[in-house]
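Structure, as C-alpha cells:
Order of appearance sets the numbers: ligands from 1, and atoms from 1 within every ligand. All values reported here derive from a predicted model rather than from experimental measurement.
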Amino acid sequence: MIVIGGGPAGYTAALYAARAGLSAVVLEKLAAGGQMAQTLQIDNYPGFDAGIDGLTLGEQMRKGAERFGARTISAQVDAVSLDGAVKSVRAGSEEILGRTVVIATGATHRALGLENESALVGRGVGYCAACDGMLYRNKTVAVIGGGNSAAADALLLSRICARVIVVHRRDQLRATKVYHEPLMRAENVEFRWNRVVEALVAGEDGRLAALKLRDVQTGEISIERVDGAFISIGRAPETKLFAGALELDGSGYIVADETTRTALPGVFAVGDVRTKPVRQIVTAVADGATAVHFAEEYLAAQGA
Ligand code: NAP
C-alpha cells in the first residue's frame with residue numbers, strides 16, 4: 001500500500017495496513033502530521049486530557065505506524081499512475097510500486113490572491129498564527145476570515161498581541177459558537193465587519209504596514225495600520241497530481257464516499273482531500289481505518 005501524505009489520515013491508514021500484514025509505505029514531503037503539525041494546541045482529539053500540540057501528535061502517529069513495520073520516505077511525489085492492478089508513484093528518481101494507493105495529501109491554506117501577497121509572506125503576511133504569532137508579541141495584527149480557523153487564530157493571537165483586528169466579509173462569524181463568547185469577551189479583539197482586503201500596503205522597509213479595506217456594502221475605503229496580517233480564509237485541497245486521473249468536485253476535492261473508494265479500483269482518498277462534510281482530525285483518522293478495510297476487500301477480490 002502506497003500512502004501519499006503523512007497527516008493523521010495517512011498514518012492511520014499505514015498503521016491499520018501494517019497491523020493487517022500489508023506492506024505500507026508513507027510518502028511525506030515535510031513533517032509527519034501535515035496541517036495538524038502547525039497547530040499549537042489540539043483539544044478536540046480525544047484521549048489527551050490536557051490537549052496536545054500537533055507536531056507531537058503527528059510524530060506519535062508516525063512512530064505508532066512504524067512500530068508495526070510501516071515505512072516513511074521523505075519525498076515529494078511528482079507523478080502517479082493509478083490504473084491497473086499495479087500502481088506506481090514517482091518521487092524524484094525513485095519509483096514505488098503498489099497494489100493499492102491511499103491519497104492523503106490534505107489541503108493547504110488559500111491565498112487572497114492580491115498582487116504583492118506572495119512578496120510579503122514572511123514580511124508581515126502569514127497563514128499560520130500558531131507558527132508565527134510569537135513574532136508579533138505586543139504588536140497589532142489582523143486576521144482575515146470568519147471561519148473556525150480565523151476564530152482560533154484570533155483567540156491565540158489575542159493572548160500574544162496588543163491588538164487583534166478581525167476582518168470579515170460578512171456581518172457575523174461562520175465559526176462555531178464555542179469561539180464566539182471568548183472572542184467577544186477578549187478586550188483586545190476588534191471586528192471590522194463587511195470588509196474585504198483591497199490591497200496590502202507595504203512600508204519603505206518592504207514589510208506590510210497597513211491594510212486597505214473596502215466596505216462591501218457602502219464601498220467605503222479605510223486604512224488599517226498593522227504590523228502583521230494572518231490570512232485564514234480556508235483551504236484548498238492538494239489534488240493537482242490527480243486532476244485528469246480522478247474525478248474532482250467543483251472545489252478540487254477528490255470525489256469519494258464514506259467508503260473512501262474513488263472511481264479507480266484500489267485507489268482511496270482519505271482525510272481533508274476527500275469530499276466530506278466535516279474535516280477534523282477525528283474524521284481523518286476514521287477515513288484511514290476505513291480505507292484499509294476496503295483495500296483488504298479489494299485485494300481479496302483480486303486474489304492478492
Ligand atoms: P472555512 O470554514 O471555509 O472558512 C473560511 C472563512 O474565510 C469564511 O469565513 C469565509 O467567508 C472567508 N473567506 C473565504 N474566502 C475569502 C476571501 N477571498 N476573502 C475574504 N474572506 C474569505 O475555513 P477554515 O476556517 O480554514 O476551516 C476549514 C475546515 O477546518 C472547516 O471544516 C473547519 O470547521 C475546520 N476547522 C475546525 C477547527 C475546530 O476547532 N474545530 C479549527 C480549525 C478548522 P464566508 O463566511 O463569507 O464564507
Taking only Lys NZ, Arg NE, NH1 and NH2, and the carboxylate oxygens of Asp or Glu, determine whether Arg214 and Glu220 approach each other closer than 4.0 Å. no
Between Tyr127 and His109, how do the two ring planes meet: parallel, tilted or perpendicular, split at 30° and 60°? parallel
Protein contact of atom 41 (N) of ligand 1 - nearest heavy atom, named by residue and atom, plus distance: Asn44 ND2, 3.3 Å
Give the numbers and elements of all ligand 1 atoms closer than 4.0 Å to a heavy atom of Arg279. 30 (O), 35 (C)
Side chains of Asp53 and Thr56 only: does a donor on one sit below 3.5 Å from an acceptor on the other? yes
Ignoring hydrogens and geometry beyond distance, is a side-chain donor-acceptor pair present between Gln41 and Asp43 at under 3.5 Å? yes
Taking NZ, NE, NH1 and NH2 as the nitrogens, is one of them in Lys63 or Glu66 under 4.0 Å from a carboxylate oxygen of the other? no
Before signing off on this row, confirm whether Gly145 and ligand 1 have an N or O atom pair separated by under 3.5 Å. no
Residues Ser232 and Asp153: side-chain donor-acceptor under 3.5 angstrom: yes
Among Gln35, Gln172, Lys276, Gln280, closest by any non-hydrogen atom to atom 36 (N) of ligand 1: Gln280
Is Glu224 salt-bridged to Arg192, going by a charged N under 4.0 Å from an acidic O? yes
How close does the nearest protein non-hydrogen atom get to atom 30 (O) of ligand 1, and which residue and atom is it? Arg235 NH1, 3.4 Å
For Ala150 and ligand 1, does the shortest N/O to N/O distance drop below 3.5 Å? no
Distance to 0.1 Å, residue and atom name: give those for the protein heavy atom nearest to atom 40 (O) of ligand 1. Tyr179 OH, 3.0 Å
May I ask which of Leu112, Thr39, Asn148, Ile42 has a heavy atom nearer to atom 38 (C) of ligand 1 than the others do? Asn148
Report yes if some N/O of Arg110 lies less than 3.5 Å from some N/O of ligand 1; otherwise report no. no
Would you call Glu94-Arg90 a salt bridge at under 4.0 Å N-O? no
Check this for me, if you would: do Lys29 and Glu238 make a salt bridge, where the nitrogen-to-carboxylate-oxygen distance has to be below 4.0 angstrom? yes
Ion pair present between Arg274 and Glu258, side-chain N to carboxylate O less than 4.0 angstrom? yes
among protein heavy atoms, the one nearest atom 3 (O) of ligand 1 is Gly234 CA, 4.2 Å
Among all protein heavy atoms, pick out the one at the shortest distance from atom 14 (C) of ligand 1; state its residue, atom name and that distance to 0.1 Å. Ile233 O, 3.4 Å
Quick check on His109 - does any of its heavy atoms sit under 4.0 Å from an atom of ligand 1? no
Look at atom 11 (O) of ligand 1 and say which protein heavy atom is nearest, naming residue and atom and giving the distance to 0.1 Å. Arg169 NE, 3.1 Å
Identity and separation of the nearest protein heavy atom to atom 4 (O) of ligand 1: Gly147 CA, 3.7 Å
Shortest protein contact, atom 26 (O) of ligand 1 (heavy atom only): Ser149 OG, 2.8 Å
